A.B. asks: 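Quick one: the structure is below, and I'll ask about it shortly.
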Amino acid sequence: MWALAWRNVWRHKGRSLVAGGAVAAVVVFTLVFFGFVSATKTGMVEVLTSESGHLQVTHARAKEAQDFDARLIREAAEVEAALLKALPGAHLRRVLEVPALVSGESRSRGAVVIGVAQDEALAERFGREYLAAGRLPAPGSWDEIALGEALAKALNVELGDPVYVFAPGTEGWGAAAYTLVGLLDFPQSAYEIQAAFLSLEGAQELAAPGAVTRFEVHLDPERGVVTDARIEEARDRAAAALGPDVRVETWREASPDTAAILDLMDPAMVVFSFFIFILAGLLVVNTIYLGLVERIREFGVIIAVGAHRGRVMRMVLAESLVLVLAGTAVGLLVSGLLIASWADGLHFPQLDEVLAEFGFPAVLYPSVTAGQVAITVGYAIVTALAAALWPAWVAGRLEPVEAMRHVA
């Protein structure tokens, strides 16, 4: 039956090639679409976790607190020691964020002064990604500051100029003068115009001696990726070691809106692909039905000589499956070659700033999973069966005498 179905499909090569080509194109589009969405998801997670860590440790009441003091983790050294004991090998970034007024010689602007202490690996990555000119404040320095380029422009200051910071109502000096040693270029312009960086020690002397507002925990990847299961395990170990006075959150819990968007991508891909396959199915219906109309007399003879009507219907279904599966095989081959050719990543230099503004990675690494391939093939088979149902039903209801009298 399958050989006969293949022969019948090739009776009208042009029409069959159009329908099969449409199926192949849909398969290629679907798998490439899956690959790019997966690459975007992975890249967004990497961007987010590289900036804020896989885990964040804050004061237990930090989210509800309105006052600066209420958000502080005061015994920062003890919390850090407990974290390193619970998560050996993890990279820590200690952060103290201070709302302040930052001023040059002639202009002032509200900003967030951020004191940072981090290990060498994190500091090197931060400088490589964001340092535009000069250098970062030296660890432990009390008189050096780095500004976002937009903030420096707003204050009309350049490298080497004095910068004044006022943080009234805090527990440290409350005001200090610094030398501008670095300019930072952040993807998000809204962040760049309000970010000023000190060493952690400098920020503590300014506003909160011995305290931080959060710890960021960066985990080393295993086999190329830090899985959600590993992040959750690390969260549970850290929470057990630190006690109830602090909150330990995964990046998903710290950024629930972003996590929800990422979680919606997979079902959205599946639904979108379903509608694309419906369009391909319409072409298959047209091809199978036209072939049926042209062979009504043939089907009449087959039924007249004793073939069961169910067999006739299976013949029509088999032709549809042959047509769609041939197109699917071609689509799988082409999409596989395309995705393999992008193994080193795709970069769109002209879109770097736009992508970065919305938290997307600059380089995409498309890939597909076995599950996504299975979904695509499953859609193709369903398309073939659904497209053939009506023509098969028509073929099964043919009356032999009337069918043999039919003139195409």
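Model, not experiment: these values are computed from the prediction.
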A.B. asks: Compare all side-chain heavy atoms of L136 with those of F126 and state whether any distance is below 4.5 angstrom.
C.D. replies: yes

A.B. asks: Check whether any side-chain heavy atom of V45 lies under 4.5 Å from a side-chain heavy atom of L262, and answer yes or no.
C.D. replies: yes

A.B. asks: Just wondering, more than 12 heavy atoms not from E129 lying within 6.0 Å of its CD?
C.D. replies: yes

A.B. asks: Below 4.5 Å, heavy atoms only, C-beta onward: do R125 and S50 meet side chain to side chain?
C.D. replies: yes

A.B. asks: Would you say S38 and Q372 are linked by a side-chain donor-acceptor pair, where the criterion is simply a distance under 3.5 Å?
C.D. replies: yes

A.B. asks: Considering only heavy atoms from C-beta outward, does the side chain of T58 approach that of T213 to under 4.5 Å?
C.D. replies: no

A.B. asks: Under a 3.5 Å threshold, yes or no: a donor from one side chain and an acceptor from the other, between H59 and D245?
C.D. replies: no

A.B. asks: Salt bridge (charged side-chain N to carboxylate O under 4.0 Å, His left out) with E124: which residues, sequence neighbours excluded?
C.D. replies: R128

A.B. asks: Atom CD of residue position E64 - does it have more than 12 heavy atoms of other residues, nucleotides or ligands inside 6.0 Å?
C.D. replies: yes

A.B. asks: With the side chain counted from C-beta on, respond yes when L184 and F186 share a heavy-atom pair under 4.5 Å apart, and no when they do not.
C.D. replies: yes

A.B. asks: Please tabulate, one pair per line, all N/O donor-acceptor pairs under 3.5 Å involving side-chain atoms of residues 334-343, not counting sequence neighbours.
C.D. replies:
unit_1 : atom_1 : unit_2 : atom_2 : d
S335   : OG     : G331   : O      : 2.8
S335   : OG     : L332   : O      : 3.1
S341   : OG     : L338   : O      : 2.5

A.B. asks: Quick one: sort the F274 and Y379 rings into parallel, tilted or perpendicular, breaks at 30° and 60°.
C.D. replies: tilted

A.B. asks: Please round to the nearest 0.5 Å and tell me the distance separating atom OG1 of T328 and atom CG of L333.
C.D. replies: 12.5 Å

A.B. asks: Measure the acute angle between the ring planes of F272 and F29, then classify it against the limits of 30° and 60° as parallel, tilted or perpendicular.
C.D. replies: tilted

A.B. asks: When rounded to the nearest 0.5 angstrom, what distance separates NE2 in H91 from CG in L84?
C.D. replies: 11.0 Å

A.B. asks: Would you call V112 and P99 a side-chain contact if the rule is heavy atoms closer than 4.5 Å?
C.D. replies: no

A.B. asks: Is any side-chain heavy atom of I73 closer than 4.5 Å to one of F215?
C.D. replies: yes

A.B. asks: Could you tell me whether D266 and K41 make a salt bridge, using a distance below 4.0 angstrom between a side-chain N and a carboxylate O?
C.D. replies: yes

A.B. asks: Are there over 12 heavy-atom neighbours, none belonging to K85, within less than 6.0 Å of that residue's NZ?
C.D. replies: no

A.B. asks: Any side-chain heavy atom of R237 within less than 4.5 Å of one from L87?
C.D. replies: yes

A.B. asks: I'd like to know whether E80 forms a salt bridge (charged side-chain N to carboxylate O under 4.0 Å, His left out) with R94, so could you lay out the CA-CA distance, the side-chain angles of the two residues, the decisive distance to 0.1 Å, and finally the verdict.
C.D. replies: CA-CA 9 Å; E80 179 180 356; R94 294 162 287 164; 3.3 Å; yes

